[in-house]
A.B. asks: 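First, the structure itself, so that you have it in front of you.
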Amino acid sequence: MKILAYFLWTSALVSTTLLAQDVARVAPKVMIVSMWTPEAEIWYRRFSELGMGELSLRITLPGLSMLYPDVACTQDGFVCQLTIGEGEINAAASMMALALSPALDLTRTYFLIAGIAGVNPRHATLGSVALSRYAIQVGLQYEIDPRSLPADYPTGYIPYGRQRPYEYPLITYGTEVFEVNANLRDAAYEFALRASLVDDEALESYRAQYEPAGDSYRKGLLPPTVELCDTLTSDVYFSGSILSEVFENTTTIWTNGTGVYCMTAQEDNATLEVLVRAAMSNLVDFGRIVILRSGSNFDRPPPDMSDIDHLTRTNQNGFATSLENIFNVGGEIVRGIIHEWNCTFENGIPADNYIGDIFGSLGGTPDFGLGPVTLPGAGASSSSRRDRRPREVTAGEC
């Protein structure tokens with residue numbers, strides 16, 4: 001009743017900067033972060049399938065997007081969903097409004113960042129779902145039009161402070177790379193394996209066009225799966241073989257050979273920067289973040305198709321399937337966290353890896369960047385680390 005009373009109270013006011021002393025804050029166990037309407041609506045439409053009620057309680061918060069001014073929660077407040085708006089600026093503004101709102105206690109909340117993405121056919125396929133350890137903001141570079149480049153430059157993207165491509169930047173903003181809790185990602189992966197992913201005959205037909213590329217695009221030919229690989233952030237909707245390969249190399253260099261680019265999106269590094277800042281003020285726990293992206297379109301064309309035709313004249317038919325698989329996989333993760341809250345998730349999943357930004361803002365030494373790799377076991381080759389399957393995470397008996 002206090003949650004409902006708070007909802008009615010905030011709806012009647014222009015500002016909620018003052019919180020009535022007798023109104024309890026909502027303390028979600030899981031906060032689902034969507035970017036735009038279709039990603040949100042899949043949760044509204046299907047959430048009841050999880051057996052945890054409906055996302056029927058709407059809480060209006062100052063500072064959220066004018067398109068998405070409410071947080072939607074279950075009546076018990078255990079699960080909430082926020083739509084932040086597309087692009088890095090919208091994401092940062094909405095997430096900061098959420099983090100600073102006195103209406104919510106997010107100190108033990110798990111954040112499930114869940115959206116569609118472009119997908120790299122080297123590592124996943126249309127409808128596949130990736131759970132990421134790294135998010136890389138590849139757009140933080142100098143850019144020169146390729147028509148103006150010297151002949152020996154492979155790309156017009158040059159890291160800040162450098163004179164040539166494919167080096168780690170000397171000038172950094174702090175948001176170039178984020179690393180999240182790998183043990184939590186592995187636990188989420190185990191929940192994700194319970195999901196039944198949907199496919200579509202039209203997707204199968206489009207995927208088949210990549211077969212002439214041989215083994216390099218083998219993953220792109222397969223039906224949807226759950227993968228462990230990483231997400232790029234760029235407000236520029238890039239497409240095509242050349243740019244995609246450039247940013248694959250950027251990922252490798254900026255993560256010291258550990259990251260594997262398979263999904264591309266527009267918001268995640270902005271979202272994670274806010275969560276780092278909130279964690280520095282003990283408003284959230286940065287060890288409780290899961291990054292989930294589902295492939296709706298390939299980032300590059302099949303052989304014998306031009307980049308421009310692939311971008312503007314084809315229907316890859318992956319949009320609806322990727323949305324359904326966001327829920328199919330994300331729903332299992334939400335249900336797993338709630339079901340095993342008391343015995344496993346309430347106190348958090350300890351991280352063995354570094355978590356945070358490139359500055360070490362939350363403590364510890366980043367295992368990427370100009371310094372040495374300090375992650376235990378870092379002497380292993382890059383290839384063996386990339387191929388590492390998730391370690392077994394022992395959950396309590398619930």
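Keep in mind that what you see is a predicted model, and the values were worked out from it rather than measured.
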A.B. asks: So, Q81 versus Y44: side-chain donor-acceptor pair below 3.5 Å or not?
C.D. replies: yes
A.B. asks: Flag the pair E227 and R293 as a salt bridge only when some basic side-chain nitrogen lies within less than 4.0 angstrom of an acidic carboxylate oxygen.
C.D. replies: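 Result for this pair is no, no salt bridge flagged.
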A.B. asks: Can you tell me how far OG1 of T155 sits from CG of N249, rounded to the nearest 0.5 angstrom?
C.D. replies: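 Reported to 0.5 Å precision, the distance equals 9.0 Å.
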A.B. asks: Looking only at atom types and distance, does a side-chain atom of S128 sit under 3.5 Å from a main-chain N or O of G295, one as donor and one as acceptor?
C.D. replies: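 Judged by distance alone, no pair lies under 3.5 Å.
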A.B. asks: Any donor-acceptor pair under 3.5 Å linking the side chain of N353 with the backbone of V180?
C.D. replies: yes
A.B. asks: Kindly indicate, with the supporting measurements, whether the criterion side chain to side chain contact (heavy atoms under 4.5 Å, CB included) is fulfilled by N328 and S196.
C.D. replies: CA-CA 7 Å; N328 292 335; S196 296; over 6 Å; no
A.B. asks: Assess, by modelled atom type and distance only, whether the side chains of D145 and S148 contain a donor and an acceptor separated by less than 3.5 Å.
C.D. replies: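 The answer is no; no qualifying pair exists.
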A.B. asks: Which pairs with one or both residues in residues 44-147 pass disulfide bond (SG atoms under 2.5 Å apart), sequence neighbours excluded?
C.D. replies: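 Every disulfide bond (SG atoms under 2.5 Å apart) pair that includes a residue of residues 44-147, provided the two are not neighbours, is C73-C80.
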A.B. asks: How long is the gap from CD1 on I32 to CG on L82, to the nearest 0.5 Å?
C.D. replies: 10.5 Å
A.B. asks: Between Y142 and Y157, does the ring centre distance come in under 6.0 Å?
C.D. replies: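 When the ring centroids of Y142 and Y157 are compared, they turn out to be at least 6.0 Å apart.
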A.B. asks: Hey, does the side chain of T233 reach the backbone of Q266 with a donor-acceptor pair shorter than 3.5 angstrom?
C.D. replies: no
A.B. asks: What's the spacing between E248 CD and L232 CG if we round to 0.5 Å?
C.D. replies: 9.0 Å
A.B. asks: Tell me whether D76 is salt-bridged to K29, with the criterion being a basic N under 4.0 Å from an acidic carboxylate O.
C.D. replies: no
A.B. asks: For A99 versus L106, what's the shortest heavy-atom pair and its separation?
C.D. replies: CA-CD1, 4.1 Å
A.B. asks: Between S361 and M280, what is the shortest heavy-atom contact and its length?
C.D. replies: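 Heavy atoms of S361 and M280 come nearest at CB-SD, 3.9 Å.
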A.B. asks: With a 3.5 Å distance limit and no angle check, can you tell me whether R162 reaches the backbone of Y168 through a side-chain donor-acceptor pair?
C.D. replies: yes
A.B. asks: Kindly indicate whether the side chain of F247, heavy atoms from C-beta on, has any atom under 4.5 Å from the side chain of S234.
C.D. replies: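 Result no, sub-4.5 Å side-chain heavy-atom pair not found.
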A.B. asks: A side-chain contact here means heavy atoms from C-beta on lying under 4.5 Å apart; do F47 and M52 qualify?
C.D. replies: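 Contact flag for F47/M52 side chains = yes.
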A.B. asks: May I ask you to check whether Y166 and T252 show a side-chain donor-acceptor distance below 3.5 Å?
C.D. replies: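 No, no side-chain donor-acceptor contact under 3.5 Å.
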A.B. asks: Quick one: does any side-chain atom of T125 pair with a main-chain N or O of G220 as donor and acceptor, under 3.5 Å?
C.D. replies: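 Judged by distance alone, yes, a pair lies under 3.5 Å.
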A.B. asks: Could you verify whether a donor N or O on one side chain and an acceptor N or O on the other, from D299 and T264, lie under 3.5 Å apart?
C.D. replies: no
A.B. asks: If we count only N and O atoms by modelled type, under 3.5 Å, do the side chains of N347 and R108 hold a donor and an acceptor together?
C.D. replies: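 Checked: N347/R108 side chains show no N/O donor-acceptor pair below 3.5 Å.
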A.B. asks: Contact between F191 and E340 at the side-chain level, heavy atoms closer than 4.5 Å - yes or no?
C.D. replies: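 Yes. Closest side-chain heavy atoms under 4.5 Å.
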A.B. asks: So, does S322 use its side chain to make a donor-acceptor pair with the main chain of F319 at under 3.5 Å?
C.D. replies: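 At least one qualifying donor-acceptor pair exists.
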A.B. asks: Measure across S294 and I326 and return the closest heavy-atom pair with its distance rounded to 0.1 Å.
C.D. replies: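 In terms of heavy atoms, the two residues are closest at CB-CG1, 3.7 Å.
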A.B. asks: To the nearest 0.5 Å, tell me how far T225 OG1 sits from N325 CG.
C.D. replies: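 Spacing of OG1 (T225) from CG (N325) equals 10.0 Å.
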A.B. asks: If only atom types and distance count, is the side chain of D199 paired as donor or acceptor with the main-chain N or O of P223 below 3.5 Å?
C.D. replies: no
A.B. asks: Starting at CZ of F327, measure out to CD of E41 and round the result to the nearest 0.5 Å.
C.D. replies: 14.0 Å
A.B. asks: With rounding to the nearest 0.5 angstrom, report the OG1 to CD1 distance, T172 to I358.
C.D. replies: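 Interatomic distance, T172 OG1 to I358 CD1, rounded to 0.5 Å: 4.0 Å.
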A.B. asks: So, are R122 and E245 salt-bridged, with charged N and O less than 4.0 Å apart?
C.D. replies: yes
A.B. asks: Which heavy atom of S65 sits nearest to which heavy atom of S94, and what is that distance?
C.D. replies: N-OG, 3.7 Å
A.B. asks: When you look at E324 and I42, which way does the side chain to side chain contact (heavy atoms under 4.5 Å, CB included) test go after all the steps?
C.D. replies: CA-CA 7 Å; E324 294 297 329; I42 194 68; 3.3 Å; yes
A.B. asks: Pairing donors with acceptors under 3.5 angstrom, does anything connect the side chains of N269 and Y173?
C.D. replies: no
A.B. asks: Tell me who clusters with Y217, hydrophobic residues only, linked when side chains sit under 4.5 Å apart either directly or through other members.
C.D. replies: V119, L126, L203, Y206, Y210, L221, M263, F298, M305
A.B. asks: Which atoms form the tightest heavy-atom contact between A130 and C229, and what is the distance?
C.D. replies: CB-SG, 3.8 Å
A.B. asks: What's the verdict on side chain to side chain contact (heavy atoms under 4.5 Å, CB included) for V33 and E267, showing C-alpha distance, side-chain angles and the deciding distance?
C.D. replies: CA-CA 11 Å; V33 178; E267 298 86 13; over 6 Å; no
A.B. asks: Taking atom OH as the centre, does Y237 end up with more than 12 heavy-atom neighbours from other residues, nucleotides or ligands that are less than 6.0 angstrom away?
C.D. replies: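 Incorrect, the count does not exceed 12.
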A.B. asks: For the CD1 atom on I242, are there more than 12 heavy atoms of other groups (residues, nucleotides or ligands in this structure) within a distance under 6.0 Å?
C.D. replies: no
A.B. asks: Assess, by modelled atom type and distance only, whether the side chains of N315 and N317 contain a donor and an acceptor separated by less than 3.5 Å.
C.D. replies: yes
A.B. asks: Donor-acceptor pair, D230 side chain versus Y134 backbone, under 3.5 Å?
C.D. replies: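 Present.
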A.B. asks: Check whether more than 12 heavy atoms from other residues, nucleotides or ligands sit under 6.0 Å from atom CD of E49, and answer yes or no.
C.D. replies: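 Correct, the count exceeds 12.
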A.B. asks: Are E273 and Q137 close enough that a side-chain donor and a side-chain acceptor fall under 3.5 Å?
C.D. replies: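 The answer is no; no qualifying pair exists.
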A.B. asks: Counting only heavy atoms not in I89, do more than 12 fall under 6.0 Å of its CD1?
C.D. replies: no
A.B. asks: When you compare the side chain of L55 with that of T74, does any pair of heavy atoms fall below 4.5 Å?
C.D. replies: yes
A.B. asks: Determine whether the aromatic ring centres of Y110 and F345 lie less than 6.0 Å apart.
C.D. replies: yes
A.B. asks: Under 3.5 Å, is there a donor on one side chain and an acceptor on the other for T83 and E39?
C.D. replies: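 No, E39 and T83 have no side-chain donor paired with an acceptor closer than 3.5 Å.
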A.B. asks: Using atom types as modelled and distance alone, determine if a side-chain donor or acceptor of D357 lies under 3.5 Å from a backbone N or O of G360.
C.D. replies: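 Checked: pair present.
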A.B. asks: State, yes or no, whether a side-chain contact exists between I116 and L323 at a heavy-atom distance under 4.5 Å.
C.D. replies: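 Yes, at least one pair of side-chain atoms sits under 4.5 Å.
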A.B. asks: Regarding T258 and N256, is there a side-chain donor-to-acceptor distance under 3.5 Å anywhere?
C.D. replies: no
A.B. asks: So, does N183 use its side chain to make a donor-acceptor pair with the main chain of A351 at under 3.5 Å?
C.D. replies: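 Side chain of N183 to backbone of A351, a donor-acceptor pair under 3.5 Å: no, none is there.
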A.B. asks: Please find the pair of heavy atoms, one from L61 and one from S101, that lie closest to each other, and give the distance.
C.D. replies: CD2-OG, 3.4 Å
A.B. asks: Does a salt bridge link E204 with R207, judged by any charged N lying under 4.0 Å from a carboxylate O?
C.D. replies: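 No, no charged N to carboxylate O under 4.0 Å.
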A.B. asks: Could you check whether R164 makes a cation-pi contact with Y153, meaning its NZ or CZ is under 6.0 Å from the centre of the six-membered ring and within 45° of the ring axis?
C.D. replies: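 Judged by the rule, R164 and Y153 form a cation-pi pair.
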